[in-house]
Amino acid sequence: MLNPSMTIRLAAISDADDVWHLVQDFAPTFRPEREAFELTFRALVEAPHTLVLVAEQSSGSVVGYLLANCRATFLANGPVAGVEEVMVAERARRQGVGQALMNRVETWAESQGAAYVSLASRRAGDFYRALAYEDAATFYKKPLTT
């Protein structure tokens, strides 16, 4: 259950610094660059069919974020929502923040007419299974160099 002093809300451009700190701790295999982040953050916060949420404590401290997109598909007979990133600060974990972010994205996905919500995760499988998500595929990626 989410602490009553916590709010899940749409991210604003002014949240960039707080989200940046969380992004840096997201995955040790990636090194986000601040300039690229700034451009991308602004674009995503303002993009249609994209959802950027933050979890904010009553003190104003952002302790989590979620990034999702809704896109058209052939196989699902309509749009699907894809959660790209979910991050909760270590100090705020196991307090319902991740679950609250996921509940909000599910509500948003339904409002977009999405057939389902999908995501990839390497380390949080137990968390997503506890929220009734099923292991449905293996995620592959191929880094592209320019």
Side-chain angles (χ1 to χ4, degrees), residues 2-3 6-57 60-90 92-146:
L2 185 65
N3 182 326
M6 186 77 59
T7 302
I8 305 298
R9 62 170 175 79
L10 292 174
I13 300 300
S14 60
D15 293 315
D17 285 340
D18 292 325
V19 173
W20 169 248
H21 292 295
L22 292 166
V23 166
Q24 291 178 75
D25 290 336
F26 191 88
T29 56
F30 289 100
R31 289 221 160 123
E33 297 174 4
R34 184 62 190 244
E35 185 176 338
F37 168 81
E38 290 288 340
L39 294 171
T40 303
F41 185 79
R42 177 177 291 278
L44 290 173
V45 165
E46 296 173 350
H49 308 294
T50 299
L51 179 68
V52 183
L53 297 172
V54 293
E56 183 179 49
Q57 294 177 323
S61 175
V62 171
V63 295
Y65 79 92
L66 180 144
L67 167 62
N69 296 288
C70 196
R71 63 195 178 281
T73 67
F74 295 124
L75 295 177
N77 298 310
V80 298
V83 174
E84 301 296 330
E85 300 174 19
V86 180
M87 178 63 176
V88 176
E90 192 169 339
R93 292 182 186 157
R94 301 198 182 282
Q95 297 176 30
V97 176
Q99 182 176 357
L101 288 164
M102 292 302 296
N103 289 344
R104 184 66 65 87
V105 76
E106 290 168 10
T107 300
W108 174 78
E110 288 176 352
S111 77
Q112 300 294 303
Y116 59 84
V117 175
S118 66
L119 57 95
S121 177
R122 178 177 301 256
R123 298 175 297 201
D126 291 342
F127 168 74
Y128 293 112
R129 281 188 286 279
L131 297 178
Y133 283 77
E134 301 172 0
D135 186 353
T138 300
F139 179 76
Y140 295 92
K141 72 174 184 176
K142 180 180 181 180
L144 302 176
T145 57
T146 54

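- Although no hydrogens or angles enter the test, the distance criterion places a donor-acceptor pair under 3.5 Å between the side chain of R104 and the main chain of I8.
- Separating the CD atom in Q57 from the OG1 atom in T7 is a distance of 10.0 Å, to the nearest 0.5 Å.
- Note that CG of L67 and CG of L51 are 8.0 Å apart. Values are rounded to the nearest 0.5 Å.
- Taken to the nearest 0.5 Å, the CZ atom of R93 stands 5.0 Å off from the CE atom of M87.
- Here the shortest heavy-atom pairing between V117 and A109 reads CG2-CB, 3.7 Å.
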Under 3.5 Å donor-acceptor pairs involving side-chain atoms of residues 125-136, not counting sequence neighbours:
{"from": "D126", "atom 1": "OD1", "to": "R129", "atom 2": "NH2", "distance (Å)": "2.9"}
{"from": "Y133", "atom 1": "OH", "to": "E106", "atom 2": "OE2", "distance (Å)": "2.7"}

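- Residues V83 and M102 meet the side-chain proximity criterion, which asks for heavy atoms closer than 4.5 Å.
- Heavy atoms only, all atoms of each residue included: S118 and R71 are closest at OG-NH2, 4.1 Å.
- The side chain to side chain contact (heavy atoms under 4.5 Å, CB included) check on F139 picks up A120, K141, with sequence neighbours excluded.
- The 12-atom threshold is not exceeded at CG of L75, counting heavy atoms of other residues, nucleotides or ligands nearer than 6.0 Å.
- Remark: T50 pairs with N69 by the side-chain hydrogen bond (donor to acceptor under 3.5 Å, both in side chains) rule, at least two apart or across chains.
- Not counting sequence neighbours, the partners of Q112 by the side chain to side chain contact (heavy atoms under 4.5 Å, CB included) test are H49, C70, W108.
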CA sep, side-chain torsions, deciding dist, call: V88, L101, side-chain contact (heavy atoms from CB on, under 4.5 Å): CA-CA 10 Å; V88 176; L101 288 164; 4.3 Å; yes
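- Within the structure, every pair that satisfies the side-chain hydrogen bond (donor to acceptor under 3.5 Å, both in side chains) test and touches residues 75-86, not counting sequence neighbours, is listed here: Y65-E85.
- Nearest heavy atoms, A92 versus V97: O-CG2, 3.8 Å.
- Applying the salt bridge (charged side-chain N to carboxylate O under 4.0 Å, His left out) rule to D15 yields the partners R9; only residues at least two apart in sequence or on another chain are considered.
- In terms of the side-chain hydrogen bond (donor to acceptor under 3.5 Å, both in side chains) criterion, residue partners of S61 (sequence neighbours excluded) are, by chain and number, R91.
- Looking only at distances, a side-chain donor or acceptor of T73 sits under 3.5 Å from a matching main-chain atom of G78.
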Distance-only donor-acceptor pairs under 3.5 Å for side chains of residues 35-45, two or more places apart:
{"from": "E38", "atom 1": "OE2", "to": "R34", "atom 2": "NE", "distance (Å)": "2.6"}
{"from": "E38", "atom 1": "OE2", "to": "R34", "atom 2": "NH2", "distance (Å)": "2.6"}
{"from": "T40", "atom 1": "OG1", "to": "A36", "atom 2": "O", "distance (Å)": "2.9"}

